[in-house]
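To keep things clear, I will list the structure first and then write my remarks on it.
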Amino acid sequence: MTILLGSIADDYTGASDLANTLTKNGLRTVQTVGIPDPSLALPDVDAVVVSLKIRSVAAKDAVAAALEAESWLRGRGAGHVLYKICSTFDSTDLGNIGPVTEALLSVSGGDIALVTPAFPETGRTVYLGHLFVNGQPLDESPLKDHPLNPMRDANLARVLTRQSRGKVGLVDMPTVTGGADAVRARLERLRAEGAAAAIADAVFERDLETLGEAALEMPVSTGASGLGLGLARALLRSGRASASDGENDVIRPVGGLAAVVAGSCSAATLKQLDAAERHMPVLRLDTEKLLAGSDEISAAIAWAGERIAEGPVAIAASAAPEVVSRLQARYGREASGHAVETATAAIAGELVERGVRRLVVAGGETSGATVDRLGIPAFLIGPEIAPGVPLLRTIGAGGNDMLLALKSGNFGGEDFFATALSMMR
Ligand SMILES: Nc1ncnc2c1ncn2[C@@H]1O[C@H](COP(=O)(O)OP(=O)(O)OP(=O)(O)O)[C@@H](O)[C@H]1O
Ligand SMILES: O=C(O)[C@@H](O)C(=O)CO
């Protein structure tokens, strides 16, 4: 297998989001969970997205994991590696976007990376280096209350500078509008001034096509699905890849029981859970009890056991910002996040033990913990459920094929859970 485009995703929902975009734009794509075992038979593809769970870990651990994935991808021919980050630039000042980008550059012989989280299809745009989420500056959007990495600064050059050793420049909108040559010239100037990363403006898909064309000539870039779209279209335009129609085998029915497990506390997920109550039983976990060590997991499994034969059920740790803050004040931000993830993953694991084969998971960290717990090695990419969320089919799960959707916290319309389950048979 020779890979044209390699990607390292900092979380699993982000990986499926990017894999969805690459597939929709004509690249045959597979999503692996970590570096695949050599015994895993992967289909012949143009792009591999290696999912890692490194968004919220210490920078040195994120760098080590990303470099290992980079070496695996380059060893299979990847000429360009995209570091897939969140379209809302989720990270902290000690965070990993800067260190991982710089480490990938240093091993690949590159000297500057284009960086843009723009993904216009889901309302993420970058103008003069500032990120807007559905028209609101990042620091005024619901992301200001994120449980793990509250985003309180919309100026991405400033955010990235705080995480980086090198200088951070800007490829502004007038430059992007000038086309790929203007972007190349700007990058040349920034490089000469010693910048190792350049935040790039993008508001429309055509901006991402321009950036994709320029980025493809360099070994490394960092961005969200929008940059993936630009890179995929540039690969097709260059004739190096030819458009594919996607994988039909993905939607073959799997049968079994169906469930939703949610750990995302995003405004979108909270609304989706309220809407789900119209279609299915929804259990809201008591996270105080969960962390106090009471038997909340067994109680949740017993609750599901009484209902699931009749149809899908949903179990959610998700809570409003003030509830999350109370738990964090008591146990600490990382410890409470980790404990809740471990519990939701354990619940998902038990549900699968009891016959669930169609599973929707909401939240990146939650999905990472769940997919790891289930030991799934890789996914084929199916049709899109909502922008940024494809239907996934497990690869290498033995006789236990499953259909999954890993929903990024902020993605999907109000009826996302019902829509996703209706596409899984
Ligand atoms: N009630 C709660 N109190 C405290 N933390 C919680 C609670 N419910 C969930 N969490 C934690 O909040 C974090 C939510 O992060 P997660 O990545 O799963 O969702 P998200 O950030 O909305 O999704 P994405 O990363 O895809 O945007 C997880 O660590 C989860 O365990
Ligand atoms: O880019 C996004 O917003 C998502 O793919 C994601 O990474 C959320 O975890």
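Whatever order the structure lists them in is the order used to number ligands and atoms, beginning at 1.
In this model, no donor atom of one side chain and acceptor atom of the other lie less than 3.5 Å apart for S16 and T13. Between the side chains of E341 and T366, no donor-acceptor pair of N or O atoms lies under 3.5 Å.
Identified under the salt bridge (Lys or Arg N to Asp or Glu O under 4.0 Å) test for residues 313-323, with sequence neighbours left out: none.
Minimum interatomic distance between G228 and L18 (heavy atoms only, all atoms of both residues): CA-CD1, 3.8 Å.
Listed by atom number, the atoms of ligand 2 under 4.0 Å from D17 heavy atoms are 1 (O), 2 (C), 4 (C), 5 (O). Taking every non-hydrogen atom of S87 and a distance limit under 4.0 Å, the qualifying atoms of ligand 2 come out as 1 (O), 2 (C), 3 (O). Residue S408 has at least one heavy-atom neighbour below 4.0 Å for each of these atoms of ligand 2: 4 (C), 5 (O), 6 (C), 8 (C), 9 (O). Applying the 4.0 Å criterion to heavy atoms of K84 picks out, from ligand 2, the atoms 1 (O), 2 (C), 4 (C), 5 (O), 6 (C), 7 (O).
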Name each donor-acceptor pair under 3.5 Å that joins a side chain in residues 62-71 to protein atoms two or more places apart or in another chain, with its distance.
unit_1: E70; atom_1: OE2; unit_2: R74; atom_2: NE; d: 2.7
unit_1: E70; atom_1: OE2; unit_2: R74; atom_2: NH2; d: 3.4

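Counting heavy atoms closer than 4.0 Å to ligand 2, residue F411 contributes side-chain atoms (C-beta onward) but none from N, CA, C or O.
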Ligand-protein N/O pairs under 3.5 Å (ligand 1):
unit_1: ligand 1; atom_1: 1 (N); unit_2: T287; atom_2: OG1; d: 3.4
unit_1: ligand 1; atom_1: 1 (N); unit_2: A317; atom_2: O; d: 3.0
unit_1: ligand 1; atom_1: 8 (N); unit_2: A317; atom_2: O; d: 3.3
unit_1: ligand 1; atom_1: 17 (O); unit_2: G364; atom_2: N; d: 3.1
unit_1: ligand 1; atom_1: 17 (O); unit_2: E365; atom_2: N; d: 2.7
unit_1: ligand 1; atom_1: 18 (O); unit_2: E365; atom_2: N; d: 3.3
unit_1: ligand 1; atom_1: 18 (O); unit_2: T366; atom_2: N; d: 3.0
unit_1: ligand 1; atom_1: 18 (O); unit_2: T366; atom_2: OG1; d: 2.6
unit_1: ligand 1; atom_1: 21 (O); unit_2: H146; atom_2: NE2; d: 2.5
unit_1: ligand 1; atom_1: 22 (O); unit_2: S264; atom_2: OG; d: 2.7
unit_1: ligand 1; atom_1: 23 (O); unit_2: G364; atom_2: N; d: 3.1
unit_1: ligand 1; atom_1: 23 (O); unit_2: G409; atom_2: N; d: 3.2
unit_1: ligand 1; atom_1: 25 (O); unit_2: R55; atom_2: NH1; d: 3.4
unit_1: ligand 1; atom_1: 26 (O); unit_2: T13; atom_2: OG1; d: 3.3
unit_1: ligand 1; atom_1: 26 (O); unit_2: G364; atom_2: N; d: 3.0
unit_1: ligand 1; atom_1: 26 (O); unit_2: G409; atom_2: N; d: 2.9
unit_1: ligand 1; atom_1: 27 (O); unit_2: G409; atom_2: N; d: 3.4
unit_1: ligand 1; atom_1: 29 (O); unit_2: G337; atom_2: O; d: 3.4
unit_1: ligand 1; atom_1: 29 (O); unit_2: E341; atom_2: OE2; d: 2.6
unit_1: ligand 1; atom_1: 31 (O); unit_2: G337; atom_2: O; d: 2.8
unit_1: ligand 1; atom_1: 31 (O); unit_2: E341; atom_2: N; d: 3.2

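Legend: residues meeting side chain to side chain contact (heavy atoms under 4.5 Å, CB included) with A200, ordered by chain and number and at least two apart, are L114, T116, V171, L211.
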